[in-house]
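Residue numbers run from 1 in the order of the sequence given.
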Amino acid sequence: MSFIVAIDGPAGSGKGTVTKLVGQRLNLVNIDSGAAYRCIALETIERKVKIEEKQKIIKMLDDIKIEFRIENGENVIYLNNKNVGDRIRQKDVTQIVSQISSIKEVRFTLNDIFRNCANGKDIIMEGRDIGTCVFPNANVKIYLDASPEERAKRRFKQNQEKGIDMSYDEIIENIKKRDKNDMQKEIGALKQAEDAIYIDSSDMTIEQVVERIVQLIDIEKIKIHKK
């Protein structure tokens with residue numbers, strides 16, 4: 001029997017970092033949906049397929065291989081047997097990943113992969129529609145949010161640490177555009193599940209957010225144990 005934790009929220013809300021830390025602390029398998037979509041975006045770029053050429057992108061899905069591995073205690077993502085963890089965070093991938101994730105066939109294909117990965121495992125997964133679409137029956141659902149300004153500051157700092165040249169103004173403009181696009185998607189739109197617990201992390205440290213989510217998971221596990 002699986003135990004599933006779904007964490008949704010907008011870009012830069014900290015859900016990726018939080019999910020990783022909670023997963024490590026509670027020994028949960030971490031499935032990074034955003035990284036998977038970024039892999040599709042990267043493959044589109046590598047094959048020089050234009051974002052408007054949806055049929056070519058859809059056909060491309062037939063011979064793409066995406067794997068989540070744990071190496072030296074770290075979650076690593078491979079695209080066609082190549083570690084692309086850093087490459088998929090580059091500016092060119094970021095600029096098109098939202099459009100890629102709007103293609104319903106891409107979402108359907110990846111959602112099937114995610115569900116298969118969860119069979120018989122205790123997992124934690126973050127994204128935009130994990131609690132509403134991918135795992136609507138997740139044991140714990142979190143909607144992690146923060147103000148656009150705070151999210152832009154975090155992403156700017158991350159980019160600096162990784163040597164990615166992108167100004168704060170570019171980042172916050174990209175975040176606002178992405179929020180709008182993500183919320184207006186026909187399929188897999190960003191929204192809070194009715195039974196999700198809302199956490200605003202604008203004035204919280206990563207450690208405080210992690211502790212809060214761990215507490216919520218522990219409470220749910222106790223409820224299941226008592227049944």
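Between Tyr168 and Phe156, the ring-plane angle classifies as perpendicular under the 30° and 60° cut-offs.
Applying the salt bridge (Lys or Arg N to Asp or Glu O under 4.0 Å) test to pairs two or more places apart or on separate chains, none has a residue in residues 6-16.
When side chains are defined from C-beta on, Ile124 does not count as touching Gln24, because their heavy atoms never get closer than 4.5 Å. Looking at heavy atoms from C-beta onward, Leu61 lies in side-chain contact with Val106 at the 4.5 angstrom threshold. For the pair Leu144/Thr19, no side-chain contact is recorded, criterion being any heavy-atom separation below 4.5 Å from C-beta on. Asp165 places none of its side-chain heavy atoms less than 4.5 Å from the side chain of Lys91.
Pairing each heavy atom of Ala138 with each of Ala6, the nearest pair is CB-CB, 3.9 Å. Residue Ile175 comes nearest to Pro148 through the heavy atom pair CD1-O, 4.5 Å, listed as atom of the first residue, atom of the second, then distance. Residues Ser2 and Ala118 share a closest heavy-atom pair of OG-O, 2.7 Å. Pro136 and Cys133 get closest at one heavy-atom pair: CD-O, 3.4 Å. Residues Ser202 and Ala146 approach most closely at OG-CA, 3.3 Å, considering heavy atoms. Across every non-hydrogen atom of Phe114 and Phe135, the tightest pair is O-CZ, 3.9 Å.
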key: side chain to side chain contact (heavy atoms under 4.5 Å, CB included) assessment of Ile88 paired with Leu79   = CA-CA 10 Å; Ile88 59 174; Leu79 172 62; 5.9 Å; no
task = For side-chain hydrogen bond (donor to acceptor under 3.5 Å, both in side chains), just list the numbers for Ser167 and Asp169, CA-CA rounded to whole Å, side-chain angles, deciding distance to a tenth of an Å, and then say yes or no.
result = CA-CA 5 Å; Ser167 71; Asp169 288 339; 5.4 Å; no
Test log, rule side chain to side chain contact (heavy atoms under 4.5 Å, CB included), inputs Lys221 and Asn139 = CA-CA 9 Å; Lys221 285 186 174 181; Asn139 301 89; over 6 Å; no
Would you mind writing out the side-chain donor-acceptor pairs for residues 207-218 within the sub-3.5 Å range, not counting sequence neighbours?
from   : atom 1 : to     : atom 2 : distance (Å)
Gln208 : OE1    : Thr205 : N      : 2.9
Glu211 : OE1    : Arg25  : NH1    : 2.9
Glu211 : OE1    : Arg25  : NH2    : 3.1

In residues 94-101, what donor-acceptor pairs under 3.5 Å come from side-chain atoms, sequence neighbours left out?
from   : atom 1 : to     : atom 2 : distance (Å)
Thr94  : OG1    : Arg38  : NH1    : 3.1
Thr94  : OG1    : Gln90  : O      : 3.2
Ser98  : OG     : Asn181 : ND2    : 2.5
Ser98  : OG     : Asp182 : OD1    : 3.0
Ser101 : OG     : Val97  : O      : 3.3
Ser101 : OG     : Ser98  : O      : 2.8
Ser101 : OG     : Lys185 : NZ     : 2.5

Using distance only, find each side-chain donor-acceptor pair of residues 28-37 under 3.5 Å and give its atom names and separation, not counting sequence neighbours.
from  : atom 1 : to     : atom 2 : distance (Å)
Asp32 : OD1    : Gly34  : N      : 3.2
Asp32 : OD1    : Ala35  : N      : 3.0
Asp32 : OD2    : Arg89  : NH2    : 3.4
Ser33 : OG     : Glu126 : O      : 2.6

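Cluster membership for Ile40 and Tyr78, using ILVMFWY side-chain heavy atoms within less than 4.5 angstrom, is not shared. Using a 4.5 Å cut-off between side-chain heavy atoms of Ile, Leu, Val, Met, Phe, Trp and Tyr, with links allowed through other members, Leu190 and Tyr198 fall into the same hydrophobic cluster. Cluster annotation: Ile66 and Ile103 are assigned to the same hydrophobic cluster (Ile/Leu/Val/Met/Phe/Trp/Tyr, side-chain heavy-atom contacts under 4.5 Å, transitive). Under the 4.5 Å side-chain heavy-atom criterion for grouping Ile, Leu, Val, Met, Phe, Trp and Tyr, Tyr143 is not connected to Val134 through any hydrophobic cluster. Both Val140 and Ile224 are assigned to one and the same hydrophobic cluster, defined by single-linkage of ILVMFWY side chains at heavy-atom distances under 4.5 Å.
In this structure, Asn27 places its CG atom where only 12 or fewer heavy-atom neighbours from other residues, nucleotides or ligands lie under 6.0 Å away. For Asn119, the CG atom sits in a packed shell: over 12 heavy atoms of surrounding residues, nucleotides or ligands are nearer than 6.0 Å.
Interatomic distance, NZ of Lys56 versus CD1 of Ile51, reported as 13.0 Å (0.5 Å rounding). Interatomic distance, Lys65 NZ to Asn80 CG, rounded to the nearest 0.5 Å: 8.5 Å. Going from atom NZ of Lys20 over to atom CD1 of Ile206 covers 11.5 Å, rounded to the nearest 0.5 Å. Atom-to-atom distance recorded for Ile171:CD1 and Glu173:CD is 11.5 Å, nearest 0.5 angstrom. Atom CG of residue Leu42 and atom CG of residue Asp92 lie 7.5 Å apart, to the nearest 0.5 angstrom. Within the model, atoms SG of Cys39 and CD1 of Ile64 stand 8.0 Å from one another, a figure rounded to the nearest 0.5 Å.
Taking a cutoff of 4.0 Å between a charged side-chain nitrogen and a carboxylate oxygen, Lys176 and Asp179 do not qualify as a salt bridge.
Looking only at distances, a side-chain donor or acceptor of Ser13 sits under 3.5 Å from a matching main-chain atom of Pro10. Judged by distance alone, with hydrogens and angles left aside, the side-chain atoms of Glu53 form a donor-acceptor pair with the main-chain N or O of Lys50 at under 3.5 Å. Looking at Asp145, its side chain never comes within 3.5 Å of a backbone N or O of Asp200 through a donor-acceptor pair. Within the 3.5 Å criterion, the main-chain N or O of Ala189 finds no donor-acceptor partner in the side chain of Arg128. A distance-only check finds a donor-acceptor pair linking the side chain of Asp122 to the backbone of Phe3 [under 3.5 Å].
Under the salt bridge (charged side-chain N to carboxylate O under 4.0 Å, His left out) criterion, Arg47 pairs with Glu43, Asp63, not counting sequence neighbours. Scanning for salt bridge (charged side-chain N to carboxylate O under 4.0 Å, His left out) contacts around Lys153 gives an empty result, with sequence neighbours left out.
The salt bridge (Lys or Arg N to Asp or Glu O under 4.0 Å) test with Asp129 is passed by exactly one of Lys191, Arg107, Lys141: Arg107.
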